[in-house]
Every structure is written in structure tokens, then in C-alpha cells.
Novice: 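Got a structure here, written out as C-alpha cells. Questions coming.
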2 protein chains.
Amino acid sequence: MSTPGRGLHGRVLDTLGPAITAGAYPAGSVLRTDELAQRFEVSRSVMREAVRVLESMHLVESRRRVGVTVLPECEWNVYDPQVIRWRLAGSERPRQLRSLTVLRSAVEPVAAGLAARLATSEQCAELTECALGMVANSSGHRLEEYLFHDVAFHRVILTASGNEMFARLGGVVAEVLAGRTHHDVMFEDPDPAAVTLHVQVAEAVRARDAERAERLTREITEGALQELDILAP
Amino acid sequence: MSTPGRGLHGRVLDTLGPAITAGAYPAGSVLRTDELAQRFEVSRSVMREAVRVLESMHLVESRRRVGVTVLPECEWNVYDPQVIRWRLAGSERPRQLRSLTVLRSAVEPVAAGLAARLATSEQCAELTECALGMVANSSGHRLEEYLFHDVAFHRVILTASGNEMFARLGGVVAEVLAGRTHHDVMFEDPDPAAVTLHVQVAEAVRARDAERAERLTREITEGALQELDILAP
DNA sequence: CGGAACAAAAAGTCAGACTTATATGTCACA
DNA sequence: TGTGACATATAAGTCTGACTTTTTGTTCCG
């Protein structure tokens, strides 16, 4: 996924980024560029570039005469796809997955409503195609094929909403869905009710029924919340 | 706002970032590090650090033998607060404001619902305090004081939701609200109906009525959408 | 016409010297 | 004893120049 080896500084980030987001250095910890450069066996210039990137993600702050200070979690750019991947790869994965699922539950229904009003006929066709693909792979342990169509479905919804902020969450949704299929529970075939809901959403969008598309999508995301035991008492 | 002069590379970014996000260099344009370094009268190392930051925002891509390529808008990390500020400062401001307001309309109601269930008593108190502050400054052209309490109100809601992704949007909401007050319309006193809604949301949260808090907040955000003429036909 | 060898271009890397800001300790003086 | 000015050490910041590596496009030969 993404670009693993885009230079030495990227190699450093692949180690340092996950370490910081995993909490290996508590907030307030101070690192020194020179020491880091030695530890990773790279030149200072390369290490400086890595620090600059971490700084742009608000994971650290570099100050003269002090060093590179690790910032508290509340400062982090948690929407940065790179940060999301790092955190999903670490021990905070479950909590991260919950946060993202709650975000989905807020965004996707609204996106579906907008998609019902704005989707092109091509996007409507894509959507029904995805839904049919989900149906076709909803039994017989064809989890990978199902996932593929599921991800595509939600991507189309988010894109068709016409809102760039929503569209940009396509990758996040993909990570969440993939995570659910690969790491977490779901050894069995997907819930038939969820499959039906996807088909109905596709129908609602095609029928330009925004209110219905939104309501049905809300049902889908509430199902996702329940899977993670995030629910009203 | 933020940190204007955090080194030479920051100074370069303050010029180059807005230029790119404003579309001064169409997607696919190729820049060369050396040329940029000369143009900004900085050393190559400084320019390289700036490029690394732009790369981490997915505004550009740096490839050997090719140069620094400007990426299409759909690749940008539009959730990066820095990118948001750059775009809000440019000619794309109205579109950006619309995108963010739609995002608000999706997130804030759900956040309010969660806040109704999870807010601490201190947060409830803060909320009513903010709402009262809005009421107190809702007439007599006390726009700045009103804005202050409005921003604080929405920040508390987002924070009290207990979701870090929501909490991180506090800054975005602040930018949107500030933008509406300062640049755009709203020379008159705020809509009394909106003020009342804020008070009612505070009441609903204090009363732990999640459904009501969500519904009322949805009314607020729908008002914001209507102000920008984003509405169902 | 196609593939291999070659050359040029631009980013990438490194090492070393120098500059600058600043946290902190010191010391004189009140 | 407390306080302010001043000195100093420290780590980041900057610059330069040489060198390496990858990639692209061209050329030449089969």
C-alpha cells in the first residue's frame, strides 16, 4: 500500500512514524536530530527532512536549543492518511477503528443523500454494479471479492456526493472495511441484511430519493457501529 | 494564526503553498528544486525540506530525473489544517467554505448526539455558558463577542463527543464561522432563531436527550447550508 | 523495426563548516 | 535572599560543494 521506499527519509519515517503514533515516546519527550541521524545511520540532511514531515503532521515540534519535542496526541493531524495507516498498524488499532467508524456513521448517510441528487448516470450504473457484485459474492466464503465490491460501492457514494471532503474519505473507508475483513471478526459470510441494504441504497440513488438513500445508509453505518459495540444504551 | 516564521523553509511554504493550492501551477506542472531554490534565494537543503512538506501534503510528487510534479487537486490532503488555511486564503475560498459547511452538516449533529450521552457536567456547564454568551451578544452589533462564544460552543460539542476525529474539526469550524463573520455576509445581528437553537441544544445535552440534541443541531447546520445556498431544490 | 548501450538530467545523499536563537546558569547588586 | 543583567553552552538552522543513483530519452547496431 502507498509508497514504501521513496528515499532514505521515507525509510526513516516508516520506523519513526509508527513508533511515535504508537506512543513509544510520550508527549513531551525530546529527541535530538543528530542522535536520530546516528541511530538510523543516515546523514543529518536526510534526518532533517524526516523531522520536517513529522512536524507537518504535528506529531513533533522542532525548536532551537531544545530539540525535537513529541507533541500530545490531541495535536496530531489524525486525518492524514499516513498517520491513519500508522495508527491502524499499531496497538491503538481498535480505538482508531472505532473513531473512524463513528466518522463514517456521520458522513456516509449525508453523502448518500447528496449522491442521490448529484450522481451521474454512470455513477448510478457503477453503484448498482457494485451492489450486484456484493450479492454475487455474499455467500461461499468469497470474502475478498465481496470486500472489493463493498469498498468500491462506498467509494462511489462518497465521490458522487460531489463534496471533495467526503470523496477524500474513500481511502479511510477502504482501510476500515479491509481491516474488518482481514484482522477482526467476520470469518463467516456477510450479513444478508447488510447486502440487501446496499442494493436498496443503489436503487434509492438511481430513483433520486435522497431521503431514502440517507436513511438506508444510516442503517448500514449503524450496523457497523453495532459490530464494534458502539451503541446507545 | 499558527506559526508564521518557523524557519526559512516555512517562509518558502508560505508563498509556495498558497500558490499551488490556488492553482498557479496546473496539475502536472514540473518544477525543479534548484530553480525554486534560486527563485526564493535559499539553499537547496532548505528548498528540499519545503518540498518534502508539500509532498507529505500530497500537493506535489518528487521523482528522480523528472522534478517536482504538481499533483491534481483530488490527491491533496484537504483535511490538513495548513492546506485548508491556504485554500481559504485564495480565490477558491467560496468553494472551500461550501465543502466545509457540508462536512459540518454531516458531523456536528452526530457529535451533538454523542455529546448528549458523554459530556461531563463541566462540559455541560461550558455549553450553557457559551449559549448564554451568544444570547447576551446577539444584538447591538457585538459580532466579535458573538463569534467568540459561537466558536467555543461548537468546539465544546465536538470535544464532548468523545471522538478524536470530531474534536479535530474544531479548528475547521472556527475558520468557517470566523470567515462567515469577517469576509462574507452578516453585517447585521445574528438570526434570533439560530441563537435560540443553540440554547436549546445546550439544554438537550444537559438533559441527556441525544435524539433531540442531534435534531436541533441538524437545524443549525441546515441554516448554515441555506446561508450559502446549498439546498435541495 | 526493435532492443541494447549510452549519455544527460535531476533528485538524492553526504560531510563539514558556519550561524543563530535560546535555555540556563552565574554573578553582581539591591 | 531575591532579582536582574550578562555570559555560555547547546542544538537546530543554514549553506556549500562534491558525489551517487535513478530514470528518461536518444542513438546506434543487429
Side-chain angles (χ1 to χ4, degrees), chain A residues 2-17 19-20 24-72 75-76 82, chain B residues 2-17 19-20 24-72 75-76 82:
Chain A
S2 80
T3 349
R6 63 284 192 219
L8 269 192
H9 89 281
R11 220 83 65 73
V12 171
L13 283 174
D14 288 340
T15 306
L16 203 49
I20 293 174
Y25 310 93
S29 305
V30 175
L31 312 169
R32 270 169 311 124
T33 307
D34 290 18
E35 188 213 318
L36 289 172
Q38 278 185 24
R39 172 133 57 98
F40 288 99
E41 297 177 308
V42 296
S43 66
R44 290 202 320 277
S45 13
V46 167
M47 186 43 95
R48 285 179 57 75
E49 288 171 27
V51 168
R52 282 280 170 272
V53 173
L54 294 175
E55 204 174 22
S56 89
M57 295 166 172
H58 281 82
L59 298 183
V60 303
E61 188 190 36
S62 181
R63 278 169 54 197
R64 270 189 153 112
R65 170 60 210 252
V66 173
V68 178
T69 312
V70 177
L71 292 176
E75 295 275 358
W76 298 353
Q82 184 71 92
Chain B
S2 80
T3 349
R6 63 286 191 216
L8 270 189
H9 90 281
R11 221 82 67 71
V12 171
L13 284 174
D14 288 340
T15 306
L16 202 49
I20 293 174
Y25 309 94
S29 305
V30 175
L31 312 169
R32 271 170 307 126
T33 308
D34 289 16
E35 189 213 318
L36 289 172
Q38 278 185 23
R39 172 134 56 99
F40 289 99
E41 298 177 308
V42 295
S43 66
R44 291 198 320 277
S45 17
V46 166
M47 186 45 94
R48 284 179 56 75
E49 288 172 27
V51 168
R52 281 284 170 269
V53 173
L54 294 174
E55 204 174 24
S56 88
M57 294 166 173
H58 280 82
L59 296 183
V60 302
E61 188 189 37
S62 181
R63 276 170 56 198
R64 273 188 152 112
R65 170 59 213 252
V66 172
V68 178
T69 314
V70 177
L71 293 176
E75 296 275 357
W76 299 352
Q82 184 72 92

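Throughout, protein chains are lettered first and strands after them, A, B, ... in sequence-line order, and every chain is numbered starting at 1. The figures here come from the full heavy-atom set of this structure, side chains too, leaving out hydrogens, waters and symmetry mates.
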Novice: Rounded to whole angstroms, how far apart are CD on E49(A) and C1' on dT13(C)?
Specialist: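 Rounded to the whole Å, the gap is 9 Å.
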Novice: Taking 4.0 angstrom as the limit, do R52(B) and E49(B) come out as a salt bridge?
Specialist: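 No, no charged N to carboxylate O under 4.0 Å.
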Novice: Hey, does R44(A) reach any base, or is it just sugar-phosphate, or nothing, if we go heavy atoms under 4.0 Å?
Specialist: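 Result for R44(A) = base.
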Novice: Please compare V66(A) and H9(A) by the position of their nearest nucleotide in DNA chain C and report the one closer to 5'.
Specialist: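 The 5'-side residue here is H9(A).
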Novice: Report yes or no: do S56(B) and S56(A) form a side-chain donor-acceptor pair below 3.5 Å?
Specialist: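 Checked: S56(B)/S56(A) side chains pair up, N/O donor to acceptor below 3.5 Å.
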Novice: Specify the separation, in whole Å, of atom CG of L36(A) and atom P of dA11(D).
Specialist: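 Interatomic distance, CG of L36(A) to P of dA11(D): 13 Å.
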Novice: Looking at S62(B), I'd like to know whether one of its side-chain N or O atoms comes within less than 4.0 Å of OP1 or OP2 on dG12(C).
Specialist: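 Looking at the OP1 and OP2 atoms of dG12(C), one of them is under 4.0 Å from a side-chain N or O of S62(B).
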Novice: Answer yes or no: does a side-chain N or O of R6(B) lie under 4.0 Å from OP1 or OP2 of dG13(D)?
Specialist: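 No.
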Novice: Is D34(A) salt-bridged to R39(A), cutoff N-O under 4.0 Å?
Specialist: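 Not counted as a salt bridge, because no side-chain N and carboxylate O are separated by less than 4.0 Å.
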Novice: Whole angstroms only, please: what is the CG-C1' distance between L8(A) and dA11(C)?
Specialist: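 Those two atoms, CG and C1', are 13 Å apart.
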Novice: R64(A) or E41(A): which one's nearest nucleotide on DNA chain C is closer to the 5' end?
Specialist: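 Closer to the 5' end of DNA chain C: E41(A).
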Novice: For T33(B), answer base if it contacts any base atom (sugar-phosphate contacts may also be present), sugar-phosphate if it contacts only those atoms, and nothing otherwise; contact means non-hydrogen atoms under 4.0 Å.
Specialist: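 Here T33(B) touches the backbone only, sparing every base.
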Novice: Looking at dA9(D), does its base get a donor-acceptor pair with the side chain of R65(A) below 3.5 Å?
Specialist: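 In this structure, the two groups form a donor-acceptor pair.
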Novice: Roughly, in whole Å, what's the span from CD in E61(A) to P in dG13(D)?
Specialist: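 Spelled out: CD on E61(A) to P on dG13(D) is 11 Å.
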Novice: OP1, OP2 of dG12(C) versus side-chain N and O of R48(B): anything below 4.0 Å?
Specialist: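 Affirmative; the distance criterion is met.
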Novice: Could you state the CD-P distance from E55(A) to dA12(D), rounded to the nearest angstrom?
Specialist: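 Taking atom P of dA12(D) as the reference, CD of E55(A) is at 11 Å.
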Novice: Could you state the atom-to-atom distance from CE of M47(B) to C1' of dG12(C) in whole Å?
Specialist: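 Interatomic distance, CE of M47(B) to C1' of dG12(C): 16 Å.
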Novice: dT21(D) C1' sits how many Å from R63(B) CZ, rounded?
Specialist: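 To the nearest whole Å, that distance equals 15 Å.
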Novice: Verify, without hydrogens or angle tests, whether W76(B) (side chain) and L71(B) (backbone) share a donor-acceptor contact under 3.5 angstrom.
Specialist: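 Answer holds: yes.
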Novice: Taking S62(A) as the fixed residue, which of V68(A), T69(A), L54(A) is the one that meets the side chain to side chain contact (heavy atoms under 4.5 Å, CB included) rule?
Specialist: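 Among the candidates, only V68(A) passes.
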Novice: In whole angstrom, give the distance that lies between atom CD of Q38(A) and atom P of dA15(C).
Specialist: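 Atom CD in Q38(A) sits about 11 Å away from atom P in dA15(C).
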